[in-house]
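Shown next, in structure tokens, is the structure this report addresses.
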Number of protein chains: 2
Amino acid sequence: MRISTELLKGVLEGVVLHQIDAGINYGYEITKTLRELGFDDLAEGTVYTILVRLEKNELVNVEKHKSEKGPMKKFYQLNDAGKTRLTLFWTHWDFLINKMAELRKED
Amino acid sequence: MRISTELLKGVLEGVVLHQIDAGINYGYEITKTLRELGFDDLAEGTVYTILVRLEKNELVNVEKHKSEKGPMKKFYQLNDAGKTRLTLFWTHWDFLINKMAELRKED
DNA sequence: TTTGGCTACATCGTATTACTATGTAGTAGT
DNA sequence: ACTACTACATAGTAATACGATGTAGCCAAA
């Protein structure tokens with residue numbers, strides 16, 4: 001499904017944080033798993049932009065490892081700040097979907 | 001609650017469409033009701049920006065009416081395109097929250 | 001041996017959007 | 001006059017997802 005890209009703003013960062021925390025640690029695979037999950041049109045470039053941002057904001061630790069196939073991989077792991085951010089993201093998300101449900105329920 | 005503003009992108013347009021459809025037809029009241037509902041920090045300017053956009057994109061019909069207090073009100077109503085957009089918005093929203101739930105569920 | 005396909009990362013430019021700040025105006029009560 | 005409330009308007013800014021494009025390594029088939 002082709003979700004309006006504006007609706008994804010803010011969401012994708014949380015999603016990427018979640019994937020990293022779940023053990024999906026490098027860009028290419030994050031893109032792949034998310035696409036399989038239903039974010040069909042997710043651009044590869046988008047994920048890398050987010051990863052660069054996470055690194056710049058010091059939410060992740062990064063290591064380079066050799067890949068079995070292809071070039072070096074960059075492995076990401078959440079640091080404490082990253083974990084806090086992830087929890088905060090879900091808090092905000094829950095708040096939002098609750099409010100949206102309330103809104104919709106009224107009359 | 002102070003939600004990250006990025007998380008609201010795309011959402012707010014849908015929310016405003018919904019309010020208009022629900023009979024809350026002018027900017028000032030839309031802002032007010034949404035604030036009461038929990039979008040505390042929603043800026044008045046934001047709502048007007050959205051309304052201007054909706055008008056420009058021909059999703060609403062507009063009429064001016066005298067106000068009991070204060071200056072003229074601009075009354076908004078969804079036209080067919082607006083209603084279609086609103087349905088589409090909820091479709092996207094439902095899709096998104098389902099995917100997010102799936103994502104979260106995995107391990 | 002060269003072509004294509006897959007893995008994997010990187011970045012510039014663009015459009016969209018929510019917010020901040022600020023301004024204009026009308027009405028009513030003190 | 002002053003304040004408070006209603007009501008709309010907009011210029012400027014920061015953040016972000018995406019499209020396009022490029023680099024690079026590996027492997028298999030032609």
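We name chains A, B, ... by the order of the sequence lines, and we start the count at 1 in each one. These values consider heavy atoms only, across backbone and side chains, with no hydrogens, waters or symmetry-generated copies.
Residue pairs that meet the salt bridge (charged side-chain N to carboxylate O under 4.0 Å, His left out) test with at least one member in residues 17-33 of chain B, sequence neighbours left out, do not exist here.
Of the residues in residues 72-88 of chain B, B/M72, B/K73, B/K74 come within less than 4.0 Å of DNA chain D through at least one heavy atom, sorted by number. Annotation: proximity of residues 26-37 of chain B to DNA chain D (heavy atom, distance under 4.0 Å) is found for B/Y26, B/G27, B/Y28, numbered in ascending order.
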ask   = DNA chain D in dot-bracket, Watson-Crick or G-U pairs under 3.5 Å, [ ] crossing, | other strand?
value = ||||||||||||||||||||||||||||||

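Between B/L86 and B/H18, the shortest heavy-atom contact is CD1-N, 3.7 Å. Minimum heavy-atom separation, B/V60 to B/Y76: CG2-CD2, 3.8 Å.
Rounded to whole Å, atom P of C/dA25 lies 18 Å from atom NZ of B/K66. In this structure, A/L17 atom CG and D/dT16 atom P are separated by 12 Å, rounded to whole Å. Atom OH of A/Y48 and atom P of C/dC12 are 17 Å apart (whole Å). The CG-C1' distance, from B/L54 to C/dT16, rounds to 14 Å in whole Å. The interatomic distance linking A/D40 (CG) with D/dA17 (P) rounds to 17 Å, in whole Å. One interatomic measurement links the two molecules: CD1 of A/I24 to C1' of C/dA8, which rounds to 16 Å at whole-angstrom precision. To the nearest angstrom, P of C/dT11 lies 12 Å from CG of A/L51. Between the P atom of C/dC9 and the CG atom of A/N25 lies a distance of 11 Å, rounded to the nearest Å.
With a 4.5 Å cut-off on side-chain heavy atoms, B/T46 and B/T31 do not count as touching. A/L42 places a side-chain heavy atom less than 4.5 Å from the side chain of A/L12. Counting heavy atoms from C-beta outward, B/L59 and B/R53 have side chains that stay 4.5 Å or more apart. Put simply, the side chain of B/V16 reaches to within 4.5 Å of the side chain of B/I20, judged on heavy atoms.
Residues satisfying the side-chain hydrogen bond (donor to acceptor under 3.5 Å, both in side chains) test with B/Y26, not counting sequence neighbours, are B/K73.
Between B/W93 and A/W93, the angle of the ring planes lies from 30° to 60°, which puts this pair in the tilted group.
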request  = Just do the side chain to side chain contact (heavy atoms under 4.5 Å, CB included) check on A/E13 and A/R85 with the steps written out, would you?
outcome  = CA-CA 10 Å; A/E13 180 179 309; A/R85 178 74 137 254; 3.3 Å; yes

request  = Under the side chain to side chain contact (heavy atoms under 4.5 Å, CB included) rule, what do A/T33 and A/F39 come out as? Steps first, then yes or no, please.
outcome  = CA-CA 9 Å; A/T33 53; A/F39 298 96; over 6 Å; no

request  = Start with the C-alpha gap between A/L51 and A/V62, add the side-chain angles, then the distance that decides, and say whether side chain to side chain contact (heavy atoms under 4.5 Å, CB included) holds.
outcome  = CA-CA 10 Å; A/L51 290 173; A/V62 190; over 6 Å; no

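Under a hydrophobic-cluster definition in which Ile, Leu, Val, Met, Phe, Trp and Tyr are linked whenever side-chain heavy atoms come within less than 4.5 Å, directly or via other members, B/I97 and B/W90 are assigned to the same cluster.
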Show each protein N/O and nucleotides 18-22 of chain C N/O combination with a separation under 3.5 Å, one pair to a line.
residue	atom	partner	partner atom	Å
C/dA18	OP1	B/G10	N	2.8
C/dA18	OP2	B/R53	NH1	3.2
C/dA18	OP2	B/R53	NH2	2.7
C/dC19	OP2	B/T46	OG1	2.8
C/dT20	OP1	B/R2	NH2	3.3

